[in-house]
Amino acid sequence: MYAVSVLLPSLATTRIKRSHPQAPVRAMRAVVQRVASASVEVEGCTVSQIGPGLLVLVGIHDSDSESDAEYICRKVLNMRLFPNEDTGRGWDLNVMQRKYEILLVSQFTLYGFLKGNKPDFHVAMAPQKAEPFYASLVDRFKKSYNPDVIKDGIFGTKMKVSLVNDGPVTMQLDSQLPK
């Protein structure tokens with residue numbers, strides 16, 4: 001039996017230097033989940049449900065513009081997250097090629113961070129501005145794909161979102177990279 005000795009520097013004296021400090025994200029954020037099914041319930045009633053497809057949780061930043069919405073819509077619709085049974089390739093087809101559904105859910109908490117132990121959401125777009133912006137995002141998805149397969153929750157309400165994650169596959173997408 002051999003013993004191997006490795007000399008490691010003390011963690012207390014080791015400093016890791018970052019070449020670029022992490023900049024705060026100022027972009028629309030989407031958490032995209034490949035699902036076998038998903039639904040949204042408000043006050044005990046199911047308001048939307050889908051079968052196979054994508055559940056997209058959408059966080060709208062205070063500085064978001066139509067170009068951010070266009071980017072998120074285009075990327076979500078074209079993300080190759082589905083297998084192609086004909087070729088056996090795993091990450092080959094997008095939601096449109098599979099003719100699957102999409103459930104969009106507005107979620108301002110994607111822009112929350114903790115101040116001490118309390119969540120702070122001040123970088124999320126204010127509700128009175130975010131509601132029409134989110135509605136225009138839903139319309140953008142409907143115009144870019146098939147309006148019958150685009151579903152959403154009810155903006156500004158307490159929603160119960162249920163899903164059966166397929167994979168599981170979960171991707172985070174920001175409309176802009178930090179500069």
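In this structure, Tyr100 contributes its side chain and Gly51 its backbone to no donor-acceptor pair below 3.5 Å. Proximity of a side-chain donor or acceptor of Ser48 to a complementary backbone N or O of Asp152 within less than 3.5 Å is detected.
One distance of note links OG of Ser136 with NZ of Lys143; it measures 9.0 Å at 0.5 Å rounding. To the nearest 0.5 Å, the span separating CZ on Arg34 from CG on Asn165 amounts to 8.0 Å. Note that the NZ atom of Lys151 and the CZ atom of Phe141 stand 15.0 Å from one another [nearest 0.5 Å]. Rounded to the nearest 0.5 Å, atoms OH (Tyr71) and CE (Met28) are 12.0 Å apart. With values rounded to the nearest 0.5 angstrom, Arg80 atom CZ is found 6.0 Å from Asp92 atom CG. Expressed to the nearest 0.5 Å, how far CD1 of Ile60 lies from NZ of Lys129 amounts to 10.5 Å.
When each of Asp68, Asp64, Asp174 is paired with Arg29, the salt bridge (charged side-chain N to carboxylate O under 4.0 Å, His left out) condition holds for Asp174 and for no other. Checked options Leu103, Thr170, Thr109, Val105; the residue passing with Leu57 is Val105 (criterion: side-chain contact (heavy atoms from CB on, under 4.5 Å)).
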Applying salt bridge (charged side-chain N to carboxylate O under 4.0 Å, His left out), run through Arg140 and Glu66 and close with a yes or a no. CA-CA 10 Å; Arg140 184 180 301 274; Glu66 289 302 316; 2.5 Å; yes
Ring pair (Phe, Tyr, Trp, His ring centres under 6.0 Å) evaluation trace for Phe133 with His61: CA-CA 11 Å; Phe133 190 89; His61 190 276; over 10 Å; no
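Residue-environment remark: CD (Gln97) exceeds the threshold of 12 foreign heavy atoms within 6.0 Å. Atom CZ of Arg74 sits in a crowded spot, with more than 12 heavy atoms from other residues, nucleotides or ligands closer than 6.0 Å.
For the side-chain contact (heavy atoms from CB on, under 4.5 Å) test, residues two or more places apart in sequence or in another chain that qualify with Ser67 are Ser65.
In the hydrophobic clustering of ILVMFWY residues, with side-chain heavy atoms under 4.5 Å counting as a link, Leu104 and Val31 come out apart.
The pair Glu85-Arg98 meets the salt-bridge criterion, since a charged nitrogen lies less than 4.0 angstrom from a carboxylate oxygen.
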